[in-house]
Each structure stands twice: as C-alpha cells, then as structure tokens.
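Working notes, beginning with the structure itself.
Just so you know, these numbers come straight off a predicted model, no measurement behind them. The first residue of the sequence shown is numbered 1, and numbering continues consecutively from there.
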Amino acid sequence: MAQLLQGLPSTLSVAFRLCRLLGVLLAVAVPARSQSWTYEAGLHVAGATERTLPFWLATNQYGIVDPRSANALASGRVGYARRLSDRADYTVGTRVLARGSDHAAIYVHEVFGHLRFGAVVLSAGLFEDQYGMADSRLSLGSMIWSRNTTPMPKIAVKTAGFVTVPRTGDFLAVRARLGHGWFPRDAFVDRALLHEKYFYLRLFTEDSPIRLFGGVIHDVVWGGVHPVEGDLATGAIDYVRVVMARAGDELQFEADNSLGNTVAAYDTRAEFDLRRVDIAVYRQFYIETGASLLFRNALDGLWGLRLDFKQPIGPFDALLWEHANTKKQSRRAGTTDTRGRDTYFNNALYRDGWTYRGRTIGLPLLRPDGVRPGVVNNILVAHHIGLSGHVGPSIPVLVMATYSRNYGAGNICADAACLTGTSEITERRDQLALLLQLSARPLREKNLHLDAAIAADVGPFAPETFGLSIGVRWTGTLNQSRPAARL
C-alpha cells in the first residue's frame, strides 16, 4: 500500500492514464454523438505601488499570480470533450503558463481527464478544483478548499452533481466524493499525501422554491517523510485510520490524535426563490479537533448571504455578504481564556499546515508570510461584500470589499527551518482590501476578451498598496455533431 500511494507519478497518475485509456476505448467502440475542441490564449500584467500586489489581485486565481511582485503572464489552454451517449462522456485538457515575476516559472498548470458514466465521474491529473456550499465567484472562498492554490495532482471519484435517491420523487438527492492527492517533494514533510471526501444531502427538488442542503467535508494531510521523525504512517491500516479519523497505534508519533492533519467542516445551505429575488444562506462550521465535532466552535467558520435580483438595482444584479470568524479555537465555556488551544490551518507535525506550494488551500484570509511554513494570522474576524452586475449591456463589473481584524497566530514556525515553534499573537490589526474589475468584448465575433482591475490594501497588517491589472484573452470552440449512439 505504501509503495502504491507514494510511488505513483504526481502529475500523470495511473488513474489518469486509466481514465484516458477508457476514453480511447469508448471512442473506438462507440461513435461520438458530439465532440468539441475549446482553446484559449491570454496575456496578463499586474503591478502595484509597493513590491507586493493588493490582496484581490492575487487571491482566488488558482495560484497563477505571484503576490510578492509585479507579474507578466502568458497562458495557453486546449480542451477536448467527447459525448458518447446520454450516459457517457469524457473531457481531457491542458493549460500551460509562463510567468515573469520574482518567482518566475514556466509550468503545466493543468493536465487532466474527466470520465463520466451515468451518475459517476472519475477525475485524474492536475485540475482546478473547489468545493463547498460557499458562493463560487463573489466569495472569500470555502473554509476547506477555495480557488486560491495551484492544482494539486489528484484522483477523485464523485457523483455528477446531486443524484436523486430512488423512490423519493426527486425530493432527496445526494452528492459525494472520495479523492486522493499528492503534496510536493519540497514541502516541510516530504511527499505527504491527501485524503479527501465529502457527502451532502439535498431536500426538495431542483425546481422547488425552497431547497435545503447539508453535508460534511473531511480532508487529511498524512504520510510522508518528516525531517526529524522520519517516515510517517502510510500503510493500508493507516489509510483506514485516516478515512475513519482514528488515532495511530501506540508506536506512532500520532498515537494520541487522529492520524494526520485534519481539516473538516459541517457545511449547510438554504435557497429560496422569491418573486423579486433569489436568496441563498450558507454556513460552514469549521472542524479541526474532536472538540469542534461537538460544536464547541459554533461561532467559528464562514457565514454567507447571497441575493440575486431578478430586476437589477442600478448596475448590480447580485449581492453577497460573508462573515468569517476563527477566534474561539475550541475555547472551553466558563473559562477566562480568550481562545482555545487549536491553531487553525497549522499543525505541530505537518508544519506547512493547510497550504500547498505556499498558498492557503482554504479560506485565503488566513495567509502564509512567504518565508515560514504555515499561516501567520489564523485568529481573525472578517466581513466581506461582493457585488456583480453590468455597466451597460455587455460590460460585466465586479466589486469586492473585505474588512478584517487580525490577531496573529499561536504555534507557528520561529524561522524558515521550522525546527522550533513560537506564538505570535498580536494586538488587533485592521485591514481593508478593495477591488473593482471590469470586462469587455470589443471584438465579439472574434471572441476577444479584455479584463481590467484596480485594487488597494489599506491597514497595518499588510503593506498599504494600490495596484492595477490588465489582461487580454482569445477563446474559441469547434463543435462537431454525429448521429446518436447508444451504450
């Protein structure tokens, strides 16, 4: 088991090859009902009055923008989708990026395959990913997996959205996922592994004026080689313990805790379709230890309210408000402590914490400092407003305003080597991050897109800076249809 989990290639796993092979076999055996090619080429530049970019010019862009300097980016993407029948289809694609910055790079950002058969989807490779009930575009991002990091090599089996439970008349539907991923070789714990899963229920039909959602997300960083402790648990029994959130055996470093570094959440959402507005309310209860399973941290996590106006109010047709809180951290009721002993997104063994290649995987307000592993401000309270709409008939506009109060973090690395820990709980430091983004299609028939954004950071937590980004993209699609096939 250990050789299987740690020896597979990180970017083109055996599962990706299997996905591609199955697609080829289906393509040979069954004529395609339809197929299409998509492609995109783009250029993007970003700079600021200070060395670092404002928060919203580099956040939730799947890690393509270097936040610590000006950027010049060129990218190319190509994808191929083939529909074999109403029950089967597959998609493969890749995207290559070249970035000029203080951390210049040329790399494969995505290379993936998705194969669907019925209600089941197999995905493998490097692919942009996010999950949770939080809003996808206007949001700060899910507590567990946002759009903030570069794609991680993964294999995942999931349902194709929500799938109706038989004999319920579409009143009850489920969505589920089970995945495995690989952290990089240059992390604090070398070649650590990722276990991920989620399970959701939906009550009421898709077209009902009321829809209720509830589920749980469970992700674990485990295994790998620690610079001091050596090889960590990666056997078959250890994998079962990770899946079941059980402790290691008495000979292991993690004998007193659940194996690995756990991040999880209870995730809920309610949607209401009214005559003039659609309303969505969601709540992610963050879970890191057994105490938080019992809602000891009931106030910690992410709250959200989204309004979609059926008649725009001025230029805006959608409004989102979010509130993030990470202050309690399993503090016991009735004590004089200001916070508990948890240290969100950081871990005493896996010192990179809940980050991937220097970026926070979950809520991006909890940030690394670019020098030490882990995050340096996991105690905060934040409010966020997002607005979207159109200026005129064809110019989308996006506005973000994020206010946070930051109090530092406990149990973080004392230096880049991270062989000792320290506490850097601080006095309150307020921060405001602003964004205005506009898009246009001046040559609509040529599929040319122009994107421009201005952003600013104000406050003592991060450098005060004003920035600008400009991008141009050219996109296209080639479709081909054939007579229907049956499987």
Quiz item: Would Arg211 and Asp273 count as a salt bridge (charged side-chain N to carboxylate O under 4.0 Å, His left out) if you check the C-alpha gap in whole Å, the side-chain angles of each, and the deciding distance to 0.1 Å?
Solution: CA-CA 9 Å; Arg211 296 172 296 277; Asp273 295 347; 3.1 Å; yes

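- At distances below 3.5 Å, at least one donor-acceptor pair connects side-chain atoms of Asn378 with backbone N or O atoms of Tyr344.
- Looking at Leu436 and Leu434, their side chains never come closer than 4.5 Å, going by heavy atoms from C-beta outward.
- Applying the ring-ring contact (aromatic ring centres under 6.0 Å, His included) criterion to Tyr403, with sequence neighbours excluded, gives no partner residue.
- Across all their heavy atoms, Tyr90 and Leu84 have their closest contact at CD2-CD1, 4.3 Å.
- Shortest non-hydrogen contact noted between Ile379 and Gly410 is CD1-N, 4.5 Å.
- Among residues two or more places apart in sequence or in another chain, the side-chain contact (heavy atoms from CB on, under 4.5 Å) test is passed with Glu128 by Tyr62, Arg95, His109, Glu110, Pro151.
- Looking at Asn148, its side chain does come within 3.5 Å of a backbone N or O of Asn60 through a donor-acceptor pair.
- Between His180 and Trp222, the angle of the ring planes goes over 60°, which puts this pair in the perpendicular group of the 30/60° scheme.
- A salt bridge links Lys154 to Glu196: at least one charged side-chain nitrogen sits closer than 4.0 Å to a carboxylate oxygen.
- Screening Val397, Asp317, Leu438 for a side chain to side chain contact (heavy atoms under 4.5 Å, CB included) involving His390 leaves a single residue, Asp317.
- Using a distance-only test at 3.5 Å, with no hydrogens or angles considered, no donor-acceptor pair links the side chain of Asn406 to the main chain of Gly408.
- In this model, no donor atom of one side chain and acceptor atom of the other lie less than 3.5 Å apart for Asp430 and Ser404.
- Counting only N and O atoms by type, the side chains of Glu322 and Ser139 include a donor and acceptor under 3.5 Å apart.
- Using a 4.5 Å heavy-atom threshold, the side chains of Arg367 and Phe461 count as touching.
- Relative orientation of the Phe204 and Phe171 rings is perpendicular, given thresholds of 30° and 60° on the angle between their planes.
- Under the 4.5 Å side-chain criterion, counting only non-hydrogen atoms from C-beta, Val189 is not in contact with Arg351.
- Annotation: Tyr286 is in aromatic contact with Phe345 [ring centroid separation under 6.0 Å].
- With respect to the salt-bridge test (charged N to carboxylate O, under 4.0 angstrom), the residues Lys328 and Asp300 do not qualify.
- The pair Asp267-Arg283 fails the salt-bridge criterion, with no side-chain N (NZ, NE, NH1 or NH2) lying under 4.0 Å from an Asp/Glu carboxylate O.
- The nearest pair of heavy atoms linking Ala453 to Leu57 is CB-CD2, 4.1 Å.
- Two residues are said to be in side-chain contact when any heavy atoms from C-beta on lie closer than 4.5 Å; Leu259 and Asp238 meet this criterion.
- The shortest non-hydrogen separation linking Leu363 to Ala324 is CD2-CB, 3.9 Å.
- Side chains of Tyr80 and Arg82: a donor-acceptor N/O pair is present below 3.5 angstrom, by distance only.
- The shortest side-chain heavy-atom distance between Leu232 and Leu349 falls under the 4.5 Å cut-off.
- In plain terms, the two heavy atoms of Leu178 and His195 that are nearest each other are CD1-CE1, 3.6 Å.
- In summary, the aromatic rings of Tyr131 and Tyr198 are positioned with their centroids under 6.0 Å apart.
- Remark: the Asn346 side chain and the Asn411 side chain contain no N/O donor-acceptor pair separated by less than 3.5 Å.
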Quiz item: Could you walk me through whether Arg191 and Asp231 pass the salt bridge (charged side-chain N to carboxylate O under 4.0 Å, His left out) check?
Solution: CA-CA 10 Å; Arg191 291 166 290 167; Asp231 291 341; over 6 Å; no

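- The minimum heavy-atom distance between Ser146 and Pro364, with the atom names listed, is OG-CD, 4.1 Å.
- Thr475 places none of its side-chain heavy atoms less than 4.5 Å from the side chain of Thr38.
- To the nearest 0.5 Å, the span separating CZ on Arg83 from OG1 on Thr91 amounts to 12.0 Å.
- A donor-acceptor pair is defined here as one N or O able to donate and one able to accept, closer than 3.5 Å; such a pair exists between the side chain of Ser85 and the backbone of Ala88.
- Side-chain atoms of Asp170 and Thr164 form a donor-acceptor pair, as typed in the model, at a separation below 3.5 Å.
- A donor-acceptor contact shorter than 3.5 Å links the side chain of Trp354 to the backbone of Ile144.
- The aromatic ring centres of Tyr350 and Phe183 sit 6.0 Å or more apart.
- Considering CD1 of Ile155 and CG of Leu122, their distance stands at 5.5 Å, rounded to 0.5 Å.
- Ring-plane geometry between His226 and Phe188 is classed as perpendicular, the angle between the planes exceeding 60 degrees on a 0 to 90 degree scale with a lower cut at 30.
- Between Ser142 and Gln284, the side chains place a donor N or O and an acceptor N or O closer than 3.5 Å (distance only, hydrogens not considered).
- Here the side chains of Lys197 and Val243 are in contact, with some heavy-atom distance below 4.5 Å.
- Within the model, atoms OG1 of Thr402 and CG of Leu140 stand 5.0 Å from one another, a figure rounded to the nearest 0.5 Å.
- Considering only residues two or more places apart in sequence or on other chains, Ile313 meets the side-chain contact (heavy atoms from CB on, under 4.5 Å) condition with Phe309.
- Of the residues Phe199, Tyr282, Phe162, Tyr200, the one that meets the ring-ring contact (aromatic ring centres under 6.0 Å, His included) test with Phe213 is Phe162.
- Note: Phe127 and His114 have perpendicular aromatic rings, judged against thresholds of 30 and 60 degrees for the angle between ring planes.
- Of the possible donor and acceptor atoms, one in the side chain of Thr159 sits under 3.5 Å from a partner among the backbone N and O of Ala176.
- Look at Lys310 and Asp308 and you find no salt bridge, because none of the NZ, NE, NH1 or NH2 atoms lies under 4.0 Å from a carboxylate O.
- Annotation: Trp145 is not in aromatic contact with His218 [ring centroid separation under 6.0 Å not met].
- Checked for salt-bridge contact, Arg116 and Asp89 meet the test: a charged N lies under 4.0 Å from a carboxylate O.
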